[in-house]
Amino acid sequence: MKIMVVGNGGREHTIAWKLAQSDDVEKVICVPGNGGTAIENKCVNKALSEGSYVTIAKEEHCDMVVVGPENPLAEGLADQFWNEEIPTVGAKYDAAQLEASKDKAKEFMNKYGVACAKSRTFTNETEALAYIEEQGAPIVIKADGLAAGKGVVVALTIDEARLAVKELMEENRVGDAGKKLVIEEYLRGSEVSILAAVSVTPEYAKEGKACIVPFVSARDHKRLEEGAKGPNTGGMGAVAPVDDVTPEIQEQFTKNILEPTLKGLIEEGFDYRGFIFFGLMLTADGPKCLEYNVRLGDPETQAVLPLMDFDFAKMCKSITDGTLNTFDFKWKKGYSVAPVAVSGGYPNQYKKGILISIDEDKLRDTGAKLFIAGAIEDRRRDRRPASAPAPLITSGGRVLACSAQAESFTQAWNTAYNALACVNFNGMYYRKDIGLPGAAESN
């Protein structure tokens with residue numbers, strides 16, 4: 001098979017790497033890809049400037065496409081591929097609105113009885129402020145639209161909540177995404193992520209094949225600094241599985257969140273063949289769904305996919321052809337730890353184009369894997385052939401994740417951080433407590 005992967009982040013590097021491990025995969029075309037996919041086994045990068053996604057897929061004779069990020073899905077990219085009869089792992093437009101609009105997601109959750117926080121939606125600033133005064137703090141303010149992880153504010157005081165509403169609705173901090181706000185109750189507990197494969201169409205539903213199959217649990221660490229302090233980021237690291245997702249919690253999640261979600265997808269008539277990310281809060285009353293993402297999480301993907309003990313490409317094919325309900329999922333025993341290294345100044349202003357130094361020999365000895373996110377090959381002054389690897393330079397805030405797996409958490413943690421010590425670039429910063437007690441956000 002030839003498979004296209006859409007996207008250029010750490011999630012997409014991980015997806016491409018896992019696909020390339022399949023004996024059935026001849027080539028992975030990453031559009032546009034990054035410095036990691038440029039040198040990954042069986043992978044090649046292709047710039048979008050060379051044509052549309054669909055055009056490139058046709059020119060490369062792709063047998064399947066996997067869409068990584070949310071924005072192309074929310075814009076209907078999966079529909080475009082399917083219209084050209086190219087099997088695609090990614091929610092079609094209608095289903096993708098479950099992430100593109102938090103208001104629609106809450107409406108869906110409430111309609112189908114998904115356990116979640118109580119909320120109200122507002123387009124009027126005065127009414128939003130009045131509701132906050134009535135409810136009190138702490139309270140959660142969410143921009144309705146896609147905001148690259150910058151549209152959620154957990155306000156601990158009324159003043160913080162007022163400021164959040166002003167910044168989102170009046171000052172356009174996240175653009176049009178903040179013109180409508182979802183204001184919801186503050187849930188106490190700890191956050192976890194459950195990624196899952198989805199294979200739902202009206203035809204599969206009639207045949208009894210529609211399903212959602214969850215992966216092992218994971219936990220992202222959003223805050224910049226140790227001890228869950230500092231500003232929110234796109235993710236400073238992830239671990240999997242999470243010990244506090246007990247069999248009882250898993251059963252509650254299945255009954256009160258996964259099954260109602262599946263029922264809703266079927267009853268709405270969605271064509272949803274892809275992945276779903278359940279953002280959960282583990283409360284005293286059981287898990288509650290905070291949000292849906294209609295794709296794999298980042299950096300959770302860098303922790304979860306290495307634990308898969310099955311052919312990822314075959315699993316993706318089963319999503320598109322309606323056989324996911326019979327696919328045999330097997331998982332490696334043990335734990336995965338994936339701390340993220342970021343550019344100095346992130347999540348605010350940071351420099352790009354900084355040379356990354358990697359001690360490849362020492363890194364290889366650790367057995368860990370680097371998944372590149374915000375880094376590209378530096379061909380500006382490089383005289384080597386285009387086929388030869390070039391040095392990597394930073395191109396984003398989150399530069400890379402270092403992923404390690406072992407039978408014990410301690411082993412995985414030590415390996416990940418020993419491997420991260422093999423990487424260096426000016427201004428490099430990473431948290432040194434990913435997965436440790438007190439490191440994760442909790443309310």
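Without hydrogens or angle criteria, R219 side chain to E191 main chain gives a donor-acceptor distance under 3.5 Å. The closest donor-acceptor contact from the side chain of D144 to the backbone of K102 lies under 3.5 Å. Looking only at distances, no side-chain donor or acceptor of E84 sits under 3.5 Å from a matching main-chain atom of Q80. Between the side chain of D103 and the backbone N or O of T121 there is no donor-acceptor pair closer than 3.5 Å.
Taking the side chain as every heavy atom from C-beta outward, W331 and D309 never approach each other to under 4.5 Å. Residues F275 and V89 are in side-chain contact: their nearest non-hydrogen atoms beyond the backbone lie under 4.5 Å apart. With a 4.5 Å cut-off on side-chain heavy atoms, I376 and I393 count as touching.
Heavy-atom contacts from other residues, nucleotides or ligands closer than 6.0 Å to CD of E248 number 12 or fewer. Within 6.0 Å of the CD atom in E407, the count of heavy atoms belonging to other residues, nucleotides or ligands does not exceed 12.
Using cut-offs of 30° and 60° for the angle between ring planes, the Y292 and F108 rings count as perpendicular.
Not a single ring-ring contact (aromatic ring centres under 6.0 Å, His included) links Y53 to another residue, sequence neighbours left out. Listed by chain and residue number, K222 satisfy the side chain to side chain donor-acceptor pair (under 3.5 Å) test with D220 (two or more places apart in sequence, or in another chain). The side chain to side chain donor-acceptor pair (under 3.5 Å) check on T326 picks up nothing, with sequence neighbours excluded. For D271, the side-chain contact (heavy atoms from CB on, under 4.5 Å) criterion is met by K92, T201, R273, not counting sequence neighbours. Not counting sequence neighbours, the partners of L146 by the side-chain contact (heavy atoms from CB on, under 4.5 Å) test are E70, N71, A74, E99, A100.
I132 contributes atom CD1, which lies 8.5 Å from atom CZ of R162 (distance to the nearest 0.5 angstrom). Rounded to the nearest 0.5 Å, atoms CZ (F122) and CD (E127) are 7.0 Å apart.
A cation-pi arrangement is not found for K314 relative to F312, the charged atom failing to lie both closer than 6.0 Å to the ring centre and inside a 45° cone about the ring normal.
Minimum heavy-atom separation, M169 to E125: SD-CA, 3.8 Å.
Side chain to side chain, T394 and Y350 fail the donor-acceptor criterion of an N or O pair below 3.5 Å. Side-chain atoms of N172 and K179 include a donor-acceptor pair closer than 3.5 Å.
If you look at F327 and F329, their ring centroids are closer than 6.0 Å.
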Practice item. Please test T157 against D159 for side chain to side chain donor-acceptor pair (under 3.5 Å), starting from the C-alpha separation and ending with a verdict. Key: CA-CA 5 Å; T157 66; D159 286 342; 5.4 Å; no
Exercise for review: Mind running salt bridge (Lys or Arg N to Asp or Glu O under 4.0 Å) on K142 and E291 for me, showing each step along the way?
Suggested key: CA-CA 11 Å; K142 296 182 175 181; E291 63 176 352; 5.6 Å; no
Exercise for review: Would you check, one step at a time, whether the test side chain to side chain donor-acceptor pair (under 3.5 Å) holds for E12 with N8?
Suggested key: CA-CA 6 Å; E12 288 73 40; N8 65 347; over 6 Å; no
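Applying the salt bridge (charged side-chain N to carboxylate O under 4.0 Å, His left out) rule to pairs touching residues 322-339 yields D328-K330, sequence neighbours excluded.
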